[in-house]
Amino acid sequence: ACSSKYVLSHVHPMWQGPLVVPGGDRQSPIDIAVRRSVLDSNLKPLETSYDPKTCQQIWNNGYSFLVEYDDTADRNTLKGGPLQDTYRLCQFHFHWGESNDWGSEHTVDRQLFPAELHLVHWNSDQFSLFEEAVMEDNGLAVIGVFLKVGKRHEGLQKLVDALPAIRHKESVVEFNHFDPACLLPANTEDYWTYHGSLTTPPLTESVTWIVMKQHIEVSHDQLAVFRSLLFTSAEEEVQKSMVNNFRVQQPLRGRTVRSSFS
Ligand SMILES: NS(=O)(=O)c1ccc(C(=O)O)c(S(=O)(=O)NCCc2ccccc2)c1
Ligand SMILES: [Zn+2]
């Protein structure tokens, strides 16, 4: 659907890399300093409409594992919030740490979370392909949801059960009928939003970030299965656990983070 056929597999995850991006004044992730965020009362509630039947596959792309959706029509849409247009879900994925003490990409007043979910959407009003939208301002909208360790997340379990089949980089399994809405927190009215970038190559500055204030809970054991994935493909002799797949935080460069709540 969106990223599978174009992932530059020879591009190594430069998570901590000093990779300088042309311009580079709206890079992600960042720390969200709550007291510096500005309430914008024009921000609307998020409107999501996802069709679980359009789920296509789950695969390990060597950075994270992605659950991909059919984005050839407006069947999984995000609008409202800070967005002027309708955006289509192409995939969701996670970032996590080697322990429960860190793993998220964004932080809130420097608070780290053990993991973070990203739902990647592209502007189907202005562009006809994800690959175009990735390069353009207002091309992408990514919803970020923090994960905390607590009670088991029933909806996540179907996904966790599929992970052993995609342990190695480039492994893919068919995955159908999964409703991404089950991974959103109960409260989708309270969020922070700012203009940023992809946190993986090509790091393009095309993302309207929407970071939910309310986290979701997953169990310790569910998170442990994330860590059983591997960065490496089956052929490689040294297998590396897929952990700490987050990018280092980037300078704010004068940007304002807006909040939909006070
Ligand atoms: N943390 S994040 O939301 O910024 C993000 C992380 C990973 C990926 C990915 O494709 O692996 C993506 S992606 O699905 O947007 N693909 C980016 C790489 C890509 C660029 C151009 C065409 C295809 C894929 C986004
Ligand atoms: Zn991500």
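Every number for a ligand or one of its atoms is a count from 1 in the order of the listing.
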Q249 and its side chain to side chain donor-acceptor pair (under 3.5 Å) partner, picked from Q27, R110, E105: R110
Heavy-atom neighbours of R36 CZ exceed 12 at 6.0 Å: no
Whether over 12 other heavy atoms sit under 6.0 Å from K158 NZ: yes
At less than 4.0 angstrom from any non-hydrogen atom of [X], what atoms of ligand 1 do you find?
X: L198; answer: 4 (O), 15 (O), 17 (C), 25 (C)
X: Y63; answer: 11 (O)
X: T200; answer: 5 (C), 6 (C), 7 (C), 8 (C)
X: E105; answer: 1 (N)
X: P202; answer: 18 (C), 20 (C)
X: V120; answer: 3 (O), 15 (O)

Atoms (protein N, O or S; no water) under 2.8 Å from the Zn ion (ligand 2): 3
State plainly whether the residues [X] and [Y] are in salt-bridge range, i.e. N to O under 4.0 Å.
X: D71; Y: R88; value: no
X: R258; Y: D40; value: yes
X: D109; Y: R35; value: yes
X: D74; Y: K79; value: no

Identity of the nearest option to atom 21 (C) of ligand 1, non-hydrogen atoms only, from N61, L119, L66, V134: V134
Per atom 5 (C) of ligand 1, closest listed option by heavy atom (H118, H93, E68, E116): H93
P201 touching ligand 1 at heavy-atom level, < 4.0 angstrom: yes
Heavy-atom gap R247 to ligand 1 smaller than 4.0 Å: no
Plane angle bin for [Y] and [X] - parallel if under 30°, tilted between 30 and 60°, otherwise perpendicular:
X: H93; Y: H95; result: perpendicular
X: H118; Y: H106; result: perpendicular
X: Y194; Y: W209; result: parallel
X: F261; Y: W192; result: perpendicular

Main-chain N/O of Y69 paired with T54 side-chain donor or acceptor, under 3.5 Å: no
Close N or O approach ([X], ligand 1; < 3.5 Å):
X: Q91; answer: yes
X: S197; answer: no
X: H95; answer: yes

Q57 versus E68, side-chain donor and acceptor atoms under 3.5 Å: yes
Mode of T199 contact toward ligand 1 - side chain, backbone, both, neither (heavy atoms, under 4.0 Å): both
